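Since we're looking at a predicted model, the values are computed, not measured. Per chain, numbering begins at 1; letters A, B, ... match sequence-line order. Only this structure's heavy atoms are used, side chains among them; waters, hydrogens and symmetry mates stay out.
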There are 2 protein chains.
Amino acid sequence: MAEHECVQLVPIFSELGSEQLDTIESIVRHHHYPAGSTLFGADDPLDSLMIVANGQVKVYQLAANGREQLLYLLQTGDIDGEAALFKNQRRTSFGEALVTTDVCSIRRSDFQDLMQKYPSISINVLNVFGKRLSQLERQTTSTATESVEARLANYITETAAALKTDTFKLPLKKKDLATFLGTTPESISRKLALFERQGLITQKPGKVIEINDADQLLLTE
Amino acid sequence: MAEHECVQLVPIFSELGSEQLDTIESIVRHHHYPAGSTLFGADDPLDSLMIVANGQVKVYQLAANGREQLLYLLQTGDIDGEAALFKNQRRTSFGEALVTTDVCSIRRSDFQDLMQKYPSISINVLNVFGKRLSQLERQTTSTATESVEARLANYITETAAALKTDTFKLPLKKKDLATFLGTTPESISRKLALFERQGLITQKPGKVIEINDADQLLLTE
DNA sequence: TGAATTTCTTGACGGCCGTCAAGTTCTGAT
DNA sequence: ATCAGAACTTGACGGCCGTCAAGAAATTCA
């Protein structure tokens, strides 16, 4: 019904004209998932590019021992599915489940045609991937070498910096935050309580945190 | 002197013709570093694409606490420098040192021109990044959720699988392997000794390992 | 609004693994 | 071959943090 609803939300298509967006829209498949549902390598997602049309998507990966790791928190207009983009990728198979509301997808072969036709798309995707890559590099380094305390302190200051405010609401439940930071909900509770005892932050009802001493927070080891 | 020495080694240029390779070659800058030297965000590497012309390159990242993390082990023809590829990237600044022998580099703006002119390049780069991305996703999940024992067991079986042999020489010193797996040389020694005691592997002189029971190794938690 | 379920917090405990140290083996250069 | 330096191994110790459990707080839904 609506013309190029989700397609025009996506930055990677930003250079394209209206007729081209129409072409793409005709290729796109739309899905709706009730909030809280999880798609787990279902039907097509694994060999398609996913576009978040509405809501928030959490991308998890399953480890061999059954634990899950929160890798990305995607917002409207974000894309996912690097597996979609190259040919002889041995399926990462296990892993990569998501929880969401509205999602569009584009089949791998269709998307590859698009990239051939409109080179600006692949350059845009490169930018997205480059950023994601350096984010993951930092995350790997961080979980591999720093303490839970330091990782949490970093997360708080970075989130505050991104929102440009000292007082903000944690965008995740403790359990998700824990799997994101590679720790447990209990440890997060304890460390936040510690930071508060040290006067570095103040915790307020509703997962709201106020930073009192960002500099000292960053010195946490 | 030699025509397109390193350029023709690189898979991302594989679709290009000889004259085009010449063009690229004229843009490329060559460097030579004595084995074991480390370039540490020196002169241009941070805003250029790096091509490994010869030898082996270890890509490290420095954590806030001063520890280093081994992220990639690059071989001849591999590329590095995602930072090179997008404009408004706030420099990851600290981090990313490498050790190597021969390296070529292409300035960011030059490379962006190339991608505009030859779309096949950016698609090839996308493939490389996609693979690297899913590798890093697994690594993040692994270090965040699995024990040192399980990570090492995984590393051994994967390396063996990649080499298609049960007996192989560890390609890294214990210290590098340790920073790669997010642990310490001591722990690696201990775990290998444990595996040997359990009859899962046999250690031979010269960092050579023979796998006796791959299935059981994978069950390590 | 009130009750049921989920999420969060705090305590106690224990194990994994990082650190320090000392001895041994390996490696490479002369 | 010899020797110096690096890399490796093994032990002892301790702290970080994950686990289990129980109670408190918060959120959801009727």
Is B/Lys174 near enough to D/dT9 that one of its side-chain N or O atoms lies under 4.0 angstrom from OP1 or OP2? yes

Specify the separation, in whole Å, of atom CG of A/Asp176 and atom P of C/dT7. 9 Å

Where B/Ser187 and B/Val148 come nearest, the two heavy atoms and their spacing: CB-CG1, 4.5 Å

note: A/Glu146, atom CD; D/dC16, atom P; distance rounded to Å ~ 15 Å

State, to 0.1 Å, how close A/Gln203 and A/Ala193 come at their nearest heavy-atom pair, and which atoms those are. NE2-N, 3.7 Å

Report yes if at least one side-chain N or O of A/Ser189 is closer than 4.0 Å to OP1 or OP2 of C/dC8; otherwise report no. no

What residue among A/Thr141, A/Thr140, A/Thr143 forms side-chain hydrogen bond (donor to acceptor under 3.5 Å, both in side chains) with B/Thr140? A/Thr140

Separation of C/dT7 atom C1' from A/Leu170 atom CG, nearest Å, is 13 Å

Minimum heavy-atom distance between B/Ala160 and B/Ile211, given as atom pair plus value: CB-CD1, 3.5 Å

For residues 191-221 of chain B, which residues have at least one heavy atom under 4.0 Å from DNA chain C? B/Lys191

Given side-chain hydrogen bond (donor to acceptor under 3.5 Å, both in side chains), test A/Thr202 with A/Asn212 step by step and report yes or no. CA-CA 7 Å; A/Thr202 309; A/Asn212 299 322; 2.8 Å; yes

Interatomic distance where CD belongs to A/Glu186 and P belongs to C/dT9 [whole Å]: 10 Å

Presence of A/Ser187 side-chain N/O under 4.0 Å of D/dG18 phosphate oxygens OP1/OP2: yes

What is the separation between atom NZ on B/Lys173 and atom C1' on C/dT25, rounded to the nearest whole Å? 15 Å

Please name the pair of heavy atoms, one in B/Gln61 and one in B/Leu71, separated by the smallest distance, quoted to 0.1 Å. CB-CD1, 3.8 Å

Atom CD1 of B/Ile188 and atom P of D/dC8 are separated, to the nearest Å, by 9 Å

Nearest non-hydrogen partners of B/Asn124 and B/Ile12, listed with the distance: ND2-O, 3.0 Å

Between A/Thr184 and D/dG18, is there a side-chain N or O to OP1/OP2 distance below 4.0 Å? yes

For atom CZ of A/Arg190 and atom P of C/dC13, their distance in whole Å: 13 Å

Measure the angle between the two terminal helix axes of the helix from C/dT1-D/dA30 to C/dT30-D/dA1, five base pairs each, and quote it to 10°. 60°

Is any N or O donor-acceptor pair between the side chain of A/Arg67 and the base of D/dT19 shorter than 3.5 Å? no

Measuring from atom CZ of A/Arg138 to atom CG of B/Leu136, what distance do you get when rounded to the nearest 0.5 angstrom? 12.5 Å

Under 4.0 Å between a side-chain N/O of B/Thr183 and OP1 or OP2 of C/dG18, yes or no? yes

Whole-Å gap separating P (D/dG18) and CG (A/Leu152): 12 Å

Which atoms form the tightest heavy-atom contact between B/Glu68 and B/Thr179, and what is the distance? O-CB, 3.3 Å

